[in-house]
Amino acid sequence: MTRIFQFGLAIEAFLNIIGATPFVLYPEWCLSFAVAADSKSGGSRVPSSSALLWQLYGVLVLALTVPTVLCIPNSEAVAEKRRITFQTLIAGEVFLEGVLLSHIFQPADSGFTSTSLILSAIFLLPALSWHTFAVYVKPDLMKADGGLPTKSTKKNL
């Protein structure tokens, strides 16, 4: 079962890198699809401050990918490392969902289209579900196969 979990971690890391790289390199282009049209001019221009914040978000996604990658190989205490990493990701995803949901009901205040807010909230759900399932429903998935000792198994010996 660990191989499947490791494969899932590798896929998640790959998707994070592929998804966040354009955020960092081309923030205006990424946001151009999400920014609401200006009521006065009818056009949509991505503010420089929004582009900078989008780049920072991309950098944070890439930074949070590092612990995910480090949890791929089996090692001592890997279950604890994976649990902490996933709990951190769950916390961030729950807070992001909360912010997005609050703006979905008042999109004019956000500067984004309703569609982009809804899609952002929807696209976070698979990751949130996966992390929550692995930590709280099936925590045995995170354990190392092959008899590698973890801190919790050492204490029981």
Separation of [Y] [atom2] from [X] [atom1] (nearest 0.5 Å):
X: S114; Y: Q106; atom1: OG; atom2: CD; result: 11.0 Å
X: L9; Y: F7; atom1: CG; atom2: CZ; result: 11.0 Å
X: E80; Y: M142; atom1: CD; atom2: CE; result: 9.5 Å
X: Q55; Y: E28; atom1: CD; atom2: CD; result: 7.0 Å
X: H131; Y: R83; atom1: NE2; atom2: CZ; result: 14.5 Å
X: E93; Y: L124; atom1: CD; atom2: CG; result: 6.0 Å

Quick one: are [X] and [Y] in side-chain contact, heavy atoms under 4.5 Å?
X: V78; Y: Q6; answer: no
X: L117; Y: S110; answer: yes
X: T85; Y: L70; answer: no
X: N16; Y: L62; answer: no
X: V46; Y: W29; answer: no
X: L64; Y: T68; answer: no
X: L53; Y: L56; answer: yes

Side chain to side chain donor-acceptor pair (under 3.5 Å) involving S50 - partner list, sequence neighbours excluded: none
Residues forming a side chain to side chain donor-acceptor pair (under 3.5 Å) with W54, sequence neighbours excluded: none
Grab the two heavy atoms, one from [X] and one from [Y], that are nearest each other, plus how far apart they are.
X: V24; Y: G58; answer: CG2-C, 3.7 Å
X: A121; Y: I104; answer: CB-CD1, 4.1 Å
X: S116; Y: F112; answer: OG-CB, 3.6 Å
X: P73; Y: R82; answer: O-NH2, 4.0 Å
X: C30; Y: P22; answer: SG-O, 3.6 Å

With hydrophobic residues grouped by side-chain heavy-atom distances under 4.5 Å, do [X] and [Y] end up in a single group?
X: F14; Y: I11; answer: yes
X: F95; Y: I90; answer: no
X: L15; Y: V61; answer: no
X: Y26; Y: F33; answer: yes
X: V59; Y: V66; answer: no

Geometric class of the F5/F86 ring pair [parallel <30°, tilted 30-60°, perpendicular >60°]: tilted
Check: T132 side chain, S129 main-chain N or O, donor-acceptor pair, under 3.5 Å: no
Intermediate values then yes/no, side-chain contact (heavy atoms from CB on, under 4.5 Å), V35 and T113: CA-CA 6 Å; V35 174; T113 63; over 6 Å; no
Trace of the side-chain contact (heavy atoms from CB on, under 4.5 Å) decision for L96 with Y57: CA-CA 11 Å; L96 285 170; Y57 172 70; 4.2 Å; yes
